[in-house]
**Q** 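Sharing a structure with you now.
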2 protein chains.
Amino acid sequence: MSPLADAFIRHFGEMGSRWGINRTVGQIYALLYVSGRPLPADEIAEALGFSRSNVSMGLKELQSWRLVKLQHLSGDRREHFSTPEDIWQIVRILAEERRRREIDPTLSVLRDLLLMKPGNEDERAIQGRLQEMHDLIELLTRWSEDVQRLETQQLTQLLRLGGGIIRLLDLKNSLPLLGSKRRPPRRAPAAREADEEDLAEDFSEDRSEAEP
Amino acid sequence: MSPLADAFIRHFGEMGSRWGINRTVGQIYALLYVSGRPLPADEIAEALGFSRSNVSMGLKELQSWRLVKLQHLSGDRREHFSTPEDIWQIVRILAEERRRREIDPTLSVLRDLLLMKPGNEDERAIQGRLQEMHDLIELLTRWSEDVQRLETQQLTQLLRLGGGIIRLLDLKNSLPLLGSKRRPPRRAPAAREADEEDLAEDFSEDRSEAEP
DNA sequence: CTGACCTTTCAGTCTTTTCTGAAAACAGGA
DNA sequence: TCCTGTTTTCAGAAAAGACTGAAAGGTCAG
């Protein structure tokens, strides 16, 4: 195996264990990612020096994350595995799965706890803290769900903009009829164009809600 | 201890282990978060039923993540620990630390590997894949660094906008002089106002680079 | 300097997770 | 049907990680 691939795979293994995933699984994934062609389980086992059964477990785990897909190659009875070809697809899947496994259960617990009647002042305070966390997590995940639905091209444009996004927000706030409730818009002095009115309408779906 | 707090702490422990962090550490953090006042290590140990030394280790870990801060209360020699009061601060710290521990080392490995001369066609292909991953990670982290620098208020506005952000991007693209190179702007038919020109200038720092 | 009070360290134990080889299960061809 | 090549399961071995108590190290008041 190429020393390039080897170094990459080794690193991914380390990182994997710093994350929730175990070393083996990380390495299998890295191998599939770099090799760029579907591999059968026994080749993976040989390349990485793991037992065949270990690879089987690892692939099962990766499949449960939807990070590898199974396919059959003509003339070969063995199952072959590969990573999605589009790297943005990988990002989307990762985000979705992590949300499903880590965020959703937490939100659900928080909601349950917030439904309980506080028995005393202390519990009221605790619920306050939990509410704050709940709202924050919900805001972040809603946003990420929304953004993930964008076309890749739109997404990259947004990302390349970086901190420059703030100028767009300022623009939005400066347009009358569009400003958020927090910063009341100052009315433009001059008469305005029809074109701009239409845009205004378009923006009115802003999700802003009551202040916490 | 309130059953509310207890359920929350227990859940956080579980989640912690699904993440890189261990159960103990997760529970200590959760306890500090809900109690909303600085606690000394021995109270934590008692509340959670861990040994004093275990708590000491856990707090050390949390401090290394900058997720708890140490303080002295007047009239008490013991060290007390608490979480940052502002929940947005917590988000920022978490993002920074994860970047520092997980992303930066990976980028560094990728860069090293990309500097190596490919020995054959295979290695060239591998480097192609690595480059793709490197660019993606860099784009995402640059963006998150930028966005993290925003004021909390700006940040929440951005988040609340959700998928609506796309309309702002469309607006940007529709303004002549501002459009991305990808979608050449169609010139407005009518004469335009000075106001809009100024805005245009403001947007020109867009980070767009050459197409991959 | 001493004693009271706190915190940290660490060797050893206990628990959990990972990994393996052997066996079972499965799928398709003859 | 049986045979062959394949994947999955699983009990136990091995490794990694978490946790503890005891001891050492700090710090401060008097």
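Here is the naming used below: chain letters follow the sequence lines, and residue numbers restart at 1 for every chain.
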**Q** In whole angstrom, give the distance that lies between atom NE2 of A:H72 and atom C1' of C:dC26.
**A** 12 Å
**Q** Within less than 4.0 Å of OP1 or OP2 of C:dC6, is there a side-chain N or O belonging to B:R52?
**A** no
**Q** Taking for each residue the nucleotide of DNA chain D bearing the nearest heavy atom, is the 5' side occupied by A:D76 or by A:S17?
**A** A:D76
**Q** Please tell me which of A:I21 and B:F81 maps to the more 5' nucleotide of DNA chain C, matching each residue to the nucleotide holding its nearest heavy atom.
**A** B:F81
**Q** For B:M57 and D:dG17, what is the distance between atoms CE and P respectively, to the nearest whole Å?
**A** 14 Å
**Q** Expressed in angstrom and rounded to an integer, what is the separation of A:R18 atom CZ from D:dA16 atom P?
**A** 16 Å
**Q** Expressed as a whole number of angstroms, how long is the span from B:N54:CG to D:dA18:C1'?
**A** 7 Å
**Q** Is B:K60 close enough to C:dT9 that one of its side-chain N or O atoms is under 4.0 Å from OP1 or OP2 there?
**A** yes
**Q** Under a 4.0 Å threshold between the charged nitrogen and the carboxylate oxygen, would A:E43 count as salt-bridged to A:R37?
**A** yes
**Q** Below 4.0 angstrom from OP1 or OP2 of D:dT8, is there any side-chain N or O of A:S56?
**A** yes
**Q** Mind calculating the distance between CG (A:L48) and P (C:dT18) to the nearest angstrom?
**A** 17 Å
**Q** Nearest-Å distance, CG (B:L73) to C1' (C:dC6)?
**A** 15 Å
**Q** Any side-chain donor-acceptor pair under 3.5 Å between B:Q157 and A:N173?
**A** yes
**Q** Using a distance-only criterion (donor-acceptor N/O pair, under 3.5 Å, no hydrogens), is the base of C:dG21 paired with the side chain of A:S53?
**A** yes
**Q** Of A:V25 and A:R77, whose nearest nucleotide on DNA chain C comes first from the 5' end?
**A** A:V25
**Q** Provide, to the nearest angstrom, the distance between the CG atom belonging to B:L62 and the P atom belonging to C:dT8.
**A** 13 Å
**Q** Does the cation-pi check pass for B:R18 over A:W19, that is, NZ or CZ under 6.0 Å from the six-membered ring centre and within 45° of its axis?
**A** no
**Q** May I have the distance from B:R78 (atom CZ) to D:dT27 (atom P), rounded to whole angstrom?
**A** 19 Å
**Q** Show, in sequence, the C-alpha distance, side-chain angles and deciding distance for B:K117 and B:E123, and conclude whether the salt bridge (Lys or Arg N to Asp or Glu O under 4.0 Å) test is met.
**A** CA-CA 9 Å; B:K117 275 259 168 292; B:E123 296 206 331; over 6 Å; no
**Q** Indicate whether OP1 or OP2 belonging to C:dC19 is found under 4.0 Å from a side-chain N or O atom of A:N22.
**A** yes
**Q** Would you tell me whether B:R101 and B:T106 have side-chain atoms, one donor and one acceptor, within less than 3.5 Å of each other?
**A** no
